[in-house]
There are 2 protein chains.
Amino acid sequence: MTRAAPERHADILAAAGRRFAQSGYRGTSLQDIAADVGCSKAAVLYHFADKKAILAELVARPIDQLRELDERIAGASNPAEAQRIAAEGFVDLAVRFRRETAFLRGEFPGLFQQPPFSHLQHIPDRLVHAFAGHSDRPAARVAALVILAGIAETCGEFIDLPEAELRPALLVLVRRALEPVN
Amino acid sequence: MTRAAPERHADILAAAGRRFAQSGYRGTSLQDIAADVGCSKAAVLYHFADKKAILAELVARPIDQLRELDERIAGASNPAEAQRIAAEGFVDLAVRFRRETAFLRGEFPGLFQQPPFSHLQHIPDRLVHAFAGHSDRPAARVAALVILAGIAETCGEFIDLPEAELRPALLVLVRRALEPVN
DNA sequence: AGCATGCCTGACCGATCGGTCAGATGCCGA
DNA sequence: TCGGCATCTGACCGATCGGTCAGGCATGCT
């Protein structure tokens with residue numbers, strides 16, 4: 001059954017996203033995707049140059065979402081509003097980001113140090129500031145990025161700090177989180 | 001070149017661990033492992049029943065390490081000592097655990113809800129208590145497990161709580177971590 | 001009606017995978 | 001010295017992979 005190109009394109013992306021998230025990139029065959037979409041493997045390769053191209057288009061989306069959040073914060077009417085947007089959007093983004101990109105971590109180590117993901121190290125300056133106030137304490141920045149990326153520094157993702165500096169920061173973070181309420 | 005069985009066994013495990021961490025399980029062939037060890041693919045399959053058996057033996061180790069930490073805490077001479085061991089060991093274990101099992105997450109989603117990993121939900125009771133004091137606040141427990149597993153709850157790993165309850169706990173955790181020092 | 005174009009198919013290709021097997025090699029005790 | 005066992009090898013197998021290709025079938029324009 002023939003469909004218009006944009007719809008097929010979107011269908012393939014959606015099916016691939018589900019499959020990749022469930023079975024990983026290498027664990028998903030073009031045949032799997034084609035079966036979900038309801039077409040032949042060759043049809044999938046008619047809409048995408050190769051398997052890598054599907055992945056590339058998929059992984060570009062979290063970057064866009066982070067930029068959108070950044071823009072929403074930039075457009076906030078006052079600092080309190082910005083902080084509220086940042087706090088909720090940050091956690092929400094972290095949760096979604098982790099879930100949607102989990103399959104990449106095992107199969108493509110180092111991917112997050114390369115573009116476009118490496119931009120994540122620099123983009124969220126305003127976002128971190130809105131969230132952590134204007135504190136320039138490294139611990140606040142580390143903590144924010146830790147939450148964003150999900151203790152990602154343990155894999156050396158995003159945070160460009162030697163492990164000797166990261167461990168104490170992480171320890172402070174944990175101790176704080178566990179302090180009893182006053 | 002022939003080697004004694006225990007040494008070969010260990011060599012293969014070590015090589016496989018490095019390869020899996022770098023390229024994932026499916027991204028590593030038995031040929032890759034054999035080449036690193038310096039023997040034939042068939043020799044690898046002489047020491048291990050199949051590829052899965054290598055993985056199974058590898059992933060059993062973090063579980064052992066967690067049990068060792070638990071035992072060290074149990075053997076502490078006083079609560080302060082126990083807390084010190086827990087705090088440092090906890091972060092260290094989390095970092096190593098994340099690094100050594102990162103390749104599993106994308107390729108085997110749901111693995112951490114199954115034995116032996118699912119035991120991690122129950123084993124660290126003493127560990128969490130030593131770390132968080134004797135607080136029974138759910139937030140403290142969640143925070144401890146979050147650090148242990150690296151925001152793992154975002155993938156639904158380990159922490160058996162509906163997302164509706166996890167999000168606020170995570171938000172509290174972030175806000176606390178970013179509070180200015182008094 | 002004829003033709004071009006967009007979308008798609010089934011058949012096929014070479015490469016690589018995990019795993020098997022018969023036999024070679026080396027060592028060690030009888 | 002000989003036989004048996006542990007260790008290992010190269011050749012081979014069927015399955016699956018990503019990707020290619022020639023052609024089919026609509027649709028819409030001329």
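Residue numbering restarts at 1 for every chain, and letters A, B, ... go by the order of the sequence lines. Predicted, not measured: the structure shown is a model, and the values here were computed from it.
If you measure from atom NE2 of A/His9 to atom C1' of C/dC7, you get 15 Å, rounded to the nearest angstrom. Across the protein-nucleic acid pair, A/Gln31 atom CD and D/dA15 atom P stand 16 Å apart, rounded to whole Å. Atom CG of A/Asp32 and atom P of D/dA15 are 18 Å apart (whole Å). With rounding to whole Å, A/Tyr46 atom OH is found 18 Å from D/dG24 atom P. Rounding to whole angstrom units, CD of residue B/Glu107 and P of C/dC17 are separated by 14 Å. For B/Arg26 and C/dT16, the CZ to C1' distance is 16 Å, given to the nearest whole Å. Across the protein-nucleic acid pair, B/Leu55 atom CG and C/dG18 atom P stand 12 Å apart, rounded to whole Å. Between the CZ atom of A/Phe48 and the C1' atom of C/dC8 there is a distance of 16 Å, given to the nearest Å.
For A/Ser29, the listed nucleotide lying nearest its side chain is D/dC17; candidates were D/dC8, C/dC8, D/dC17.
Hydrophobic clustering, with ILVMFWY side chains joined whenever heavy atoms are under 4.5 angstrom apart, keeps A/Leu30 apart from A/Tyr46.
Closest approach of A/Leu58 to A/Ala16, counting heavy atoms only: CD1-C, 4.0 Å. The nearest pair of heavy atoms linking B/Ala53 to B/Ala49 is CB-N, 4.2 Å. Minimum interatomic distance between A/Ala34 and A/Lys41 (heavy atoms only, all atoms of both residues): CB-N, 3.6 Å. Considering every non-hydrogen atom in both A/Gly27 and A/Asp32, the closest pair reads O-OD2, 4.0 Å.
Listed for the A/Lys51 side chain is a donor-acceptor partner under 3.5 Å among the backbone atoms of A/Thr28. A donor-acceptor distance shorter than 3.5 angstrom exists from the side chain of A/Arg26 to the backbone of A/Glu107, with no hydrogens or angles considered.
Checked for salt-bridge contact, A/Arg18 and A/Asp36 miss the test: no charged N lies under 4.0 Å from a carboxylate O.
Aromatic ring orientation, B/His9 versus B/Phe48: parallel (interplanar angle below 30°, classes split at 30° and 60°).
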Pairs: protein N or O with nucleotides 22-29 of chain C N or O, under 3.5 Å:
none

Nucleotide N/O to protein N/O under 3.5 Å, stretch nucleotides 19-22 of chain D:
| from | atom 1 | to | atom 2 | distance (Å) |
| --- | --- | --- | --- | --- |
| D/dG19 | OP2 | A/Lys51 | N | 2.8 |
| D/dG19 | N7 | A/Lys41 | NZ | 3.3 |
| D/dG19 | O6 | A/Lys41 | NZ | 2.5 |

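At least one side-chain nitrogen or oxygen of A/His47 sits closer than 4.0 Å to the OP1 or OP2 atom of C/dC8.
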